[in-house]
Amino acid sequence: MAKWIKSINEMKRIIKSYKKNGKTIGFVPTMGYLHEGHISLIRCAKKENDIVIVSIFVNPLQFGENEDLDKYPRDIKRDLTICNNEGVNIVFNPSYEEMYPEDYKTYVVVEDITEGLCGAYRPGHFKGVTTVVTKLFNIVKPDRAYFGKKDYQQYIVIKQMVKDLNMDIEVIGCPIVREHDGLAMSSRNKYLSSEERKSAVSLSKALFHAKNLFEKGETNPLTIKKEIEKIILSYPKVKKIQYIEIIDPKTLKPVSKLKKGDIIALAVFVGDTRLIDNIEL
Ligand code: PAF
């Protein structure tokens, strides 16, 4: 059975005893409503560490004013069952007050690479992510931490933060897990109506097509973007494309000519649900 812990002090006490006994700690930070993507991170962590800790905390700091904090899906019982089945040792599930007491004043900001892509449309989002992840890292003191590459920008931002702040943590990015038709797994897929769900496949369809064009020799980002746009907008429930960017995997800056290893990243509203996806060339 996974231990269900809500107190930071209790977590710290347990971590201390794991460390004293020379155990390695693998950490999977999540906002809950676990799906196959999270499960793949947990399985990776299990393989590479003695102890696996999953945090479940819907972090208000990373949601904008008009975003989906209130309706973000939550089901702690189901999450605990999944964690038990996967052999997770501890589920850390603090309250808002536990993480951000009334006199809270400190934030962590990664510059530059947080400004484009999702950062351009979600002001303050990455500040919220890097702040909570720093806090979680300080509490859990993991040897390795696992992040899904669906949130590619988040993964790179966390890697940069860990490097810049000299944290002794290996940040591991795990491949995107997809539904049978290609839709990237996300807790937010739950918002989609059945008609919207059909249109949600447009993101991965367009990305796979773009990769195919690149493999056949197309290297012009404008041509590729136009092709992606055409496919996505052909689906009836797509409300708008927020961005399509073809970026260097490290700098996250747009490229003028596509090369192997570049990332095509996009954000699209299907109905009112904002979905993101990406593919590595
Ligand atoms: O990817 C997420 O679920 C969140 O951004 C994270 C890393 C758990 C921080 O709240």
Side-chain angles (χ1 to χ4, degrees), residues 1-35 37-63 69 72-108 127-148 151 154-155 157-159 161-162 165-172 174 187:
M1 281 286 273
K3 277 195 197 116
W4 182 20
I5 294 183
K6 301 183 86 66
S7 141
I8 293 175
N9 282 339
E10 195 180 346
M11 266 308 295
K12 286 185 159 182
R13 263 198 306 277
I14 297 177
I15 297 295
K16 218 178 207 170
S17 83
Y18 283 141
K19 296 268 174 193
K20 208 169 130 198
N21 291 314
K23 304 280 188 205
T24 57
I25 295 174
F27 179 41
V28 181
T30 82
M31 298 205 297
Y33 212 73
L34 304 181
H35 51 66
H38 297 115
I39 293 174
S40 80
L41 303 181
I42 292 171
R43 288 184 182 163
C44 246
K46 279 231 43 118
K47 260 191 227 141
E48 298 174 352
N49 304 276
D50 300 319
I51 299 294
V52 174
I53 298 178
V54 171
S55 66
I56 296 179
F57 178 64
V58 182
N59 174 36
L61 231 58
Q62 69 188 75
F63 287 78
L69 173 62
Y72 196 83
R74 294 163 168 89
D75 191 344
I76 186 71
K77 270 199 186 144
R78 183 176 152 279
D79 289 345
L80 286 172
T81 306
I82 291 173
C83 288
N84 279 334
N85 292 344
E86 294 299 323
V88 169
N89 300 83
I90 295 181
V91 174
F92 178 50
N93 175 219
S95 66
Y96 175 79
E97 293 72 26
E98 183 73 355
M99 289 295 274
Y100 303 114
E102 240 174 67
D103 61 346
Y104 191 82
K105 292 191 191 348
T106 304
Y107 300 88
V108 177
K127 178 180 171 186
V129 170
T130 44
T131 298
V132 80
V133 171
T134 299
K135 285 174 68 68
L136 291 166
F137 281 177
N138 283 336
I139 297 163
V140 172
K141 299 184 182 66
D143 296 279
R144 298 181 190 84
Y146 297 81
F147 293 85
D151 299 303
Q154 169 173 280
Y155 161 61
V157 167
I158 302 284
K159 264 178 101 75
M161 176 186 85
V162 162
L165 297 183
N166 312 100
M167 296 174 172
D168 289 327
I169 299 169
E170 191 183 342
V171 176
I172 295 162
C174 300
S187 306

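Just so we're clear, the structure is a prediction, and the values are computed from it rather than from any experiment.
Residues Gln62 and Val132 form a side-chain contact, since some pair of their non-hydrogen atoms from C-beta on lies under 4.5 Å apart. Contact check for Phe147 versus Cys174: no side-chain heavy atoms found under the 4.5 Å cut-off. Within the 4.5 Å cutoff, side-chain heavy atoms of Leu34 are placed close to those of Cys83. When side chains are defined from C-beta on, Leu69 counts as touching Val58, because their heavy atoms get closer than 4.5 Å. Side-chain atoms of Met161 and Val133, non-hydrogen and from C-beta on, do get closer than 4.5 Å to each other. You'll find the side chain of Val162 stays beyond 4.5 Å of the side chain of Glu170, heavy atoms only. In this structure, Ser7 and Glu98 have side chains that are in contact, with non-hydrogen atoms separated by less than 4.5 Å. With a 4.5 Å cut-off on side-chain heavy atoms, Ile15 and Ile53 count as touching.
Phe27 and Pro142 make their closest contact through CB-CB, 3.5 Å (heavy atoms, listed as atom of the first residue, atom of the second, distance). The shortest heavy-atom contact between Pro94 and Ile56 is CD-O, 3.9 Å. Closest of all the heavy-atom pairs between Ile42 and Val88 is CG2-CG2, 3.6 Å. Of all heavy-atom pairs spanning Asp50 and Gly22, the tightest one is OD2-O, 4.0 Å. Summarising the geometry of Lys19 relative to Ile25, their closest heavy-atom pair is CE-CD1, 3.9 Å, with the distance given to 0.1 Å. Taking each heavy atom of Tyr146 and Gly26 in turn, the nearest pair found is CE1-CA, 4.1 Å.
At least one donor-acceptor pair under 3.5 Å links the side chain of Lys141 to the backbone N or O of Asn138. Within the 3.5 Å criterion, the main-chain N or O of Thr24 finds no donor-acceptor partner in the side chain of Asn49. Under a 3.5 Å cut-off, the side chain of Lys135 and the backbone N or O of Met99 do form a donor-acceptor pair. A donor-acceptor pair under 3.5 Å is absent between the side-chain atoms of Asn93 and the main chain of Lys6, judged by distance alone. Formation of a donor-acceptor pair under 3.5 Å by the Ser40 side chain with backbone atoms of Gly37 is found in this model. Without hydrogens or angle criteria, Asn89 side chain to Val52 main chain gives a donor-acceptor distance under 3.5 Å. Side-chain atoms of Gln154 do not come within 3.5 Å of backbone N or O of Val129 as any donor-acceptor pair. Side chain of Arg74 to backbone of Gly32: no donor-acceptor contact under 3.5 angstrom is found.
Salt-bridge check for Glu86 with Lys46: failed, with every basic side-chain N at 4.0 Å or more from each acidic carboxylate O. With respect to Asp143 and Lys23, no salt bridge is recorded, no charged nitrogen being found less than 4.0 Å from a carboxylate O.
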Original post:
Between Phe137 and Ile158, does a side-chain contact (heavy atoms from CB on, under 4.5 Å) hold up when you go through it step by step?
Top reply: CA-CA 11 Å; Phe137 281 177; Ile158 302 284; 4.2 Å; yes
**OP:** For His38 and Ile82, run side-chain contact (heavy atoms from CB on, under 4.5 Å): C-alpha distance rounded to whole Å, both residues' side-chain angles, the deciding distance at 0.1 Å, then the answer.
**Re:** CA-CA 10 Å; His38 297 115; Ile82 291 173; over 6 Å; no
**OP:** In sequence, state the C-alpha distance, the side-chain angles, and the governing distance for Ile14 and Ile5, and then conclude on side-chain contact (heavy atoms from CB on, under 4.5 Å).
**Re:** CA-CA 10 Å; Ile14 297 177; Ile5 294 183; 3.1 Å; yes
Subject >> Phe92 vs Leu136, side-chain contact (heavy atoms from CB on, under 4.5 Å): CA-CA, chis, key distance, verdict >> reply: CA-CA 9 Å; Phe92 178 50; Leu136 291 166; 3.8 Å; yes
**OP:** Could you check Phe63 against Tyr72 for ring pair (Phe, Tyr, Trp, His ring centres under 6.0 Å), going step by step and ending with a plain yes or no?
**Re:** CA-CA 10 Å; Phe63 287 78; Tyr72 196 83; 5.8 Å; yes
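Within 6.0 Å of atom CG in Asp168, 12 or fewer heavy atoms from other residues, nucleotides or ligands are found, so the atom counts as exposed in its surroundings.
Of the inter-residue distances, the one linking Asp79 atom CG with Ser187 atom OG reads 8.5 Å to the nearest 0.5 angstrom. Note that CG of Asp75 and NZ of Lys77 are 8.5 Å apart. Values are rounded to the nearest 0.5 Å. A distance of 9.0 Å separates OG of Ser55 from CD1 of Ile139, quoted to the nearest 0.5 Å. The NZ atom of Lys3 sits 12.5 Å away from atom CG of Asn84, with the distance rounded to the nearest 0.5 Å.
For the residue pair Tyr100 and Asn59, a side-chain donor N or O sits within less than 3.5 Å of a side-chain acceptor on the partner.
By the 30° and 60° cut-offs, the orientation of the rings of Tyr104 relative to Tyr107 is perpendicular.
For Arg78 and Tyr33, the positive end sits near the middle of the six-membered ring, less than 6.0 Å away and at most 45° from its axis.
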